[in-house]
Amino acid sequence: MTKVFINGFGRIGRTVLRAWAQGAAPEIEIVGLNDKSSPETCAHLFEFDSTFGPYPGIVQLNGDMLIVDQHSLPIHTTEDILNVDLSDIDVLMDCTGTVNTHALATRGLICGAKRILISGPSSAAQLTMVLGANDDLLEDQELVSNASCTTNALAPLVKLIDDNWGVINGWMTTVHCFTGSQPSIDQPRNDLARSRAASLSMVPTTTSAEQLLDKVLPQTKGRIECAAVRVPVASVSAIDLTVTLSEAVSLEDVNKVLATQTGIIGSTAKQLVSSDLRARPESIVVALRETRVTRAGLVRIFGWYDNEWGFSHRMLEVANLMGKTTL
């Protein structure tokens, strides 16, 4: 059993715990969590979630112990993880969103954790890993990044396409739900577009997926460029990928390969909208009805991803793999 501790109980930390408590990654045991907020706030925001709804089981707070169904988890409320004894922890999930230096990343190791899994891009990581894309590179690295939600959706798809037909070049636009990095009303930011109210406008912006894709799949480096449009929905995003391939394919060829994938890449032939994909555990769910192949040979693939739920499932699965190489 891999023992996991969650540092940072925000959107991803809470979603990881919710997914695990509902049966994901049974080989993992989450044994505690830390957040700057009070235990009362942590418990309330876990139980009542605006995106996923109320937790369907038991949530109680007994002092500094969060009880979720049959699980009892001590809650620490320190701003410095060095104040927590992690000597019995196999994998520390750092979900704070602040681990961008080696000094910050290694604090969990100093207080006893064997390995660190970072819930986002980090220059401190020894490996930026995406399941279904480059997980064969996981060995005994102490600091591993789970990349970003968009990269988790994009990289397995690009690898699949490149392995089957060869990618010459391409363009990806992520149609991404708004996040906590955007203001609820107009507020000054370094980026004027990102200064605007998240729930009122579509906002053209950047995505880290392009740089992360080059890191995760160096064999396709420089071939795919990326951009983002933040849209006023609270959950579920989409990838719109157009590629030029090394060999001619038909729409049927492409969809046949896409439809036979399971686990990381899912698919649907139904005519769905974004809210229908909420709480799907796959990294991406390809909308087969949206696939196009032009007479000039361009291939367009469209897929949905629940950028919180799917990413949190990958966090659990990667932590489990890290634990197996630690124990």
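Note that the structure is predicted; figures quoted are calculated from it, not measured.
The pair R278-D306 fails the salt-bridge criterion, with no side-chain N (NZ, NE, NH1 or NH2) lying under 4.0 Å from an Asp/Glu carboxylate O. Under the 4.0 Å criterion applied to side-chain N and carboxylate O atoms, R223 and D162 are assigned as salt-bridge partners. Salt bridge R300/D240: present, at least one basic N to carboxylate O contact under 4.0 Å.
Listed by chain and number, the residues in a side chain to side chain donor-acceptor pair (under 3.5 Å) with N152 amount to none (sequence neighbours excluded). R230 pairs by the salt bridge (Lys or Arg N to Asp or Glu O under 4.0 Å) definition with nothing, not counting sequence neighbours. Every residue meeting the salt bridge (Lys or Arg N to Asp or Glu O under 4.0 Å) condition with R11, not counting sequence neighbours, appears here in chain and number order: D49, E308. With sequence neighbours excluded, the residues satisfying salt bridge (Lys or Arg N to Asp or Glu O under 4.0 Å) with D80 are R107.
For residues 16-29, the set of pairs meeting the salt bridge (charged side-chain N to carboxylate O under 4.0 Å, His left out) definition, not counting sequence neighbours, comprises E27-K324.
Using a 4.5 Å heavy-atom threshold, the side chains of V254 and V299 count as touching. Residues Y305 and V285 have side chains not in contact (no heavy-atom distance under 4.5 Å, counting atoms from C-beta outward).
Although no hydrogens or angles enter the test, the distance criterion places a donor-acceptor pair under 3.5 Å between the side chain of R292 and the main chain of R289. Between the Q60 side chain and the I67 main chain, no donor and acceptor come within less than 3.5 Å of each other. Listed for the D90 side chain is no donor-acceptor partner under 3.5 Å among the backbone atoms of T2.
Side chains of N7 and T96: a donor-acceptor N/O pair is absent below 3.5 angstrom, by distance only. Side chain to side chain, T325 and D140 fail the donor-acceptor criterion of an N or O pair below 3.5 Å. With 3.5 Å as the limit, one finds a donor-acceptor pair spanning the side chains of N255 and T291.
Taking the centre of each ring, F5 and H76 come in below the 6.0 Å mark.
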Under 3.5 Å, sequence neighbours excluded: what are the donor-acceptor pairs made by side chains of residues 199-206?
residue : atom : partner : partner atom : Å
T205    : OG1  : R194    : NH1          : 2.9

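At most 12 heavy atoms of other shown residues, nucleotides or ligands fall within 6.0 angstrom of atom CD in E79.
Ring geometry for F302 versus W304: interplanar angle over 60°, hence perpendicular rather than tilted (30 to 60°).
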